[in-house]
Amino acid sequence: MSLGQVLIIAIFTQYLAVAGIPIPLGWMFIVDMVVVGNTALSLVLMRKLMVQEEQANLIRQQAKHIQDLEEMIRNIRAQRHDFISHLQAVYGMLQMGKLESAREYLAEVTGDIRILTQTLKLKSPEVAALVQQKAALAASRNISFGLVIETDLSKVTVRPHNLNRILGNLLDNAMDAVAFLATRDRYIRLEINEDEENYIISVGNSGPGIREDLMEKIFEPGFSTKGENRGLGLAIVRGIVEQHGGQVRLTSPPTIFTVTLPKAGGE
């Protein structure tokens, strides 16, 4: 039934009520059928809209997944493409007797390869791509990036985009904490491990320690030691972690944020 027809029925029913004319039983049956029919139709339309929205979200997630996979493939191809150039550079330095330069160069190159190899352990290409990007960002800022991954996160209950919000905020904060140090002292470290029931993610940095009286305040929305319009990152981290039944713990010095997330199927 069209909206116009429903409106006519509603107006006529109201007219009968105002005029004091008894409403026929048959007419009441028609009104009830219209109400029930439109309610059912509304529910069907709402369900259809929800299904369409779910399908749209799935398409967006698949597109992001493909994009991250392509990014990983590009990184692998770039590493392979550069390998010959690296060998030639090291060979040239050895030919010139510059052993220390060759050693430093190899240390940097093998560090890049090790980070790529470590991130390939992760089942989620979205998370692997983020870690690679943060490692590259750290390198561009002359920050040493330590990385240890001992699990694939295959049973994590947090969706990749939320896990990336956790990792991204913690790694960005760590880089900010060491940015003002001398280059040789800038160091951050990411570890991803597991035990029988939980995944354990820790992000540490070589920056100054956090005072004991600030350890809880820094998780409050809006609180920051970096100036105005900051202080949302750690609040977001805690919110996501606690929403999934996990915990965030801070120890300092040295400053280490430890996130514990229960595995799927755990108690």
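Note that CG of L171 is 11.5 Å distant from CD1 of I166, once rounded to the nearest 0.5 Å. Distance check, rounded to the nearest 0.5 Å: OG1 of T255 to CD1 of I188 gives 13.0 Å. Going from atom CZ of R159 over to atom CG of N164 covers 14.0 Å, rounded to the nearest 0.5 Å. The CD atom of Q118 lies 5.0 Å from the CG atom of L147; values are rounded to the nearest 0.5 Å. L153 CG to I201 CD1: the interatomic distance, rounded to the nearest 0.5 Å, is 6.0 Å. With values rounded to the nearest 0.5 angstrom, S154 atom OG is found 4.0 Å from Y199 atom OH.
T260 places no side-chain N or O within 3.5 Å of a backbone atom of G246 that could act as its donor or acceptor partner. In this structure a side-chain-to-backbone donor-acceptor pair under 3.5 Å is present from R186 to L181. Side chain of K134 to main chain of D172: no donor-acceptor pair is present (N/O by atom type, distance under 3.5 Å, no hydrogens or angles).
Side-chain contact check for E126 versus H161: every heavy-atom pair is 4.5 Å or farther apart. Side-chain contact between Q132 and T119 is present, with heavy atoms from C-beta onward closer than 4.5 Å.
In terms of heavy-atom proximity, S202 sits nearest to T258 at CB-OG1, 4.0 Å. Residues S252 and G209 approach most closely at OG-CA, 3.1 Å, considering heavy atoms. Shortest non-hydrogen contact noted between A174 and G204 is CB-O, 4.4 Å. Smallest separation of non-hydrogen atoms from H244 and T157: CD2-O, 3.7 Å. The shortest non-hydrogen separation linking L163 to V158 is N-CG1, 3.6 Å.
L137 and F257 end up in the same hydrophobic cluster when Ile, Leu, Val, Met, Phe, Trp and Tyr side chains are linked at under 4.5 Å. Y187 and V148 are not part of a single hydrophobic cluster, where members link through side-chain heavy atoms under 4.5 Å apart. V178 and I210 fall within the same hydrophobic cluster, defined by Ile, Leu, Val, Met, Phe, Trp and Tyr side-chain heavy atoms under 4.5 Å apart, directly or through other members. Grouping the Ile, Leu, Val, Met, Phe, Trp and Tyr side chains by contacts below 4.5 angstrom, directly or via other members, places L190 with I236. If you chain together hydrophobic residues whose side chains sit under 4.5 Å apart, I200 and V131 never meet in one group.
The side chain to side chain contact (heavy atoms under 4.5 Å, CB included) with V156 is formed by just one residue from the set N198, L261, L122; it is L261. Under the side chain to side chain contact (heavy atoms under 4.5 Å, CB included) test applied with L170, the options N205, V203, V248 reduce to a single match, V203.
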Determine, stepwise, if the pair R141 / M175 fulfils side chain to side chain contact (heavy atoms under 4.5 Å, CB included). CA-CA 9 Å; R141 297 180 179 179; M175 283 189 270; 3.9 Å; yes
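Between E194 and K263, at least one side-chain nitrogen of the basic residue sits less than 4.0 Å from a carboxylate oxygen of the acidic one, meeting the salt-bridge criterion.
Counting only N and O atoms by type, the side chains of N162 and R165 include a donor and acceptor under 3.5 Å apart.
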